[in-house]
2 protein chains.
Amino acid sequence: MKNAKDILAVLKASGSKMTRVRIAAVEVFAGNAAPITALQLGAALARRGVDVNKTTLYREIAFLAGKGFVEEIDFGDRVTRYELKDAGHHHHVVCVRCDRVVDVDLDRDLDSQEKAIAQKTKFTILRHSLEFFGLCASCK
Amino acid sequence: MKNAKDILAVLKASGSKMTRVRIAAVEVFAGNAAPITALQLGAALARRGVDVNKTTLYREIAFLAGKGFVEEIDFGDRVTRYELKDAGHHHHVVCVRCDRVVDVDLDRDLDSQEKAIAQKTKFTILRHSLEFFGLCASCK
DNA sequence: CTGGATGCAAACTCTTTGCACGGAG
DNA sequence: CTCCGTGCAAAGAGTTTGCATCCAG
């Protein structure tokens with residue numbers, strides 16, 4: 001469900017109000033491949049003529065996250081990024097110089113590792129967080 | 001080099017001053033398996049009778065990190081954790097309920113995945129960050 | 001109308017910086 | 001005696017909360 005119209009339709013059907021901010025925010029997320037910060041979302045909305053207070057930004061993001069349409073991504077730089085939750089779990093390669101982000105799918109992800117770790121540690125593994133950092137083609 | 005005495009010896013040899021804070025901080029790190037936050041380090045030092053201002057905490061951590069003895073660990077909760085840099089790269093399994101942390105080594109880590117990603121994306125991969133989250137034996 | 005959505009200001013948490021004082025070598 | 005190390009206060013950045021107002025349905 002990477003389509004703004006579909007997401008908005010589901011939200012509307014579930015009784016959520018269709019506000020300017022909500023519509024524009026979903027459109028921005030749907031049009032953005034890379035994870036963005038709350039403030040970047042605000043800038044993107046402003047560019048579309050929708051000026052939004054930062055409080056509202058965080059609240060709208062929390063709302064969309066609560067509905068399961070948006071998920072948190074953490075690059076370890078103390079700023080939380082968000083992106084549309086994809087059906088297929090994927091990871092990110094981040095350029096440490098220009099911050100460009102590319103999505104990658106792992107052939108078999110970490111399922112086998114997770115199983116091994118679960119056995120070894122007696123943990124039930126719920127999820128993992130994996131990001132790669134390096135230099136993109138134009139930065140090296 | 002997981003031994004406080006060795007680390008302190010190297011620091012001393014390189015001309016760094018041996019202060020109460022420095023000695024105690026290295027000892028705390030050496031005695032702690034799990035990554036700790038700056039404030040947790042402060043609490044641990046206080047327990048040893050060494051009261052340290054938070055500014056000094058951050059500066060001492062930055063100092064040790066700069067010397068290569070400590071590295072940043074990020075669990076994605078907007079708090080930076082630190083641990084002694086181990087010779088062998090390892091990952092963490094974090095209990096989402098009680099915050100217990102267990103170290104794990106991956107059999108072959110992610111070398112093959114990194115190679116595949118480098119080819120696919122034209123990035124030069126420098127490092128990755130990988131943490132597992134789940135429930136520990138006593139919490140499930 | 002009514003409750004969810006929004007804005008503004010202020011609070012909060014973690015972290016960093018400026019400046020003056022203190023202590024290790 | 002010299003600098004590195006330290007403390008205190010204040011500033012920053014990102015995020016959250018309280019409260020009054022606004023607007024979609």
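Here the structure is a predicted model, which is why all the values come from computation and not from measurement. Note that these values count all heavy atoms, side chains included, but never hydrogens, waters or copies made by symmetry. In what follows, every chain begins at residue 1, and chains take the letters A, B, ... in the order their sequences are listed.
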Value in whole Å for how far the [atom2] atom of [N] lies from [atom1] of [X]:
{"X": "B:Ile23", "N": "C:dG23", "atom1": "CD1", "atom2": "C1'", "value": "13 Å"}
{"X": "B:Arg22", "N": "D:dT6", "atom1": "CZ", "atom2": "P", "value": "6 Å"}
{"X": "A:Leu45", "N": "C:dT6", "atom1": "CG", "atom2": "P", "value": "11 Å"}
{"X": "A:Arg20", "N": "C:dG7", "atom1": "CZ", "atom2": "C1'", "value": "12 Å"}
{"X": "B:Leu11", "N": "C:dA24", "atom1": "CG", "atom2": "P", "value": "16 Å"}
{"X": "A:Ile61", "N": "D:dT15", "atom1": "CD1", "atom2": "P", "value": "8 Å"}
{"X": "B:Met18", "N": "D:dT6", "atom1": "CE", "atom2": "C1'", "value": "17 Å"}
{"X": "B:Lys12", "N": "D:dC4", "atom1": "NZ", "atom2": "C1'", "value": "16 Å"}

Practice task
Indicate, with yes or no, if the rings of A:His92 and B:His128 have centres closer together than 6.0 Å.
Solution key: no

Practice task
Determine the contact category for A:Asp77: base if any of its heavy atoms lies under 4.0 Å from a base atom, sugar-phosphate if only primed atoms, P, OP1 or OP2 are that close, otherwise nothing.
Solution key: nothing

Exercise for the section: Can you see which heavy atom on B:Glu114 is nearest to which on B:Arg127, and at what distance? Expected result: OE2-C, 4.3 Å

Handout entry: Whichever of B:Asp51 and B:Lys17 has its nearest DNA chain D nucleotide further upstream toward 5'
Key = B:Lys17

Exercise for the section: For B:Lys54 and for B:Thr19, locate the closest nucleotide of DNA chain D by heavy-atom distance; then report the residue assigned to the nucleotide nearer the 5' terminus. Expected result: B:Thr19

Handout entry: Polar pair under 3.5 Å, donor/acceptor by atom type, side chain B:Thr80, base C:dT15
Key = no

Handout entry: Comparing A:Glu60 and B:Ser16 on DNA chain C - which has the more 5′ nearest nucleotide
Key = A:Glu60

Problem - Upstream residue (5' side of DNA chain C) when B:Arg81 and B:Arg59 are each assigned their closest nucleotide - result: B:Arg81

Handout entry: Six-ring centre of A:Phe63, A:Arg22 cation under 6.0 angstrom, axis tolerance 45°
Key = yes

Problem - Nearest-nucleotide pick for A:Val52, side chain only, options being C:dG7, C:dA5, C:dT6 - result: C:dG7

[N] phosphate, OP1 or OP2: any side-chain N/O from [X] under 4.0 angstrom?
{"X": "A:Asn53", "N": "C:dT6", "result": "no"}
{"X": "A:Thr55", "N": "C:dG7", "result": "no"}
{"X": "A:Tyr58", "N": "D:dT15", "result": "yes"}

Handout entry: Pair A:Arg81 + A:Glu71, salt bridge at N-O below 4.0 Å
Key = no

Exercise for the section: Output yes when A:Lys5 and A:Glu27 qualify as a salt bridge under the 4.0 Å nitrogen-oxygen rule, no when they do not. Expected result: no

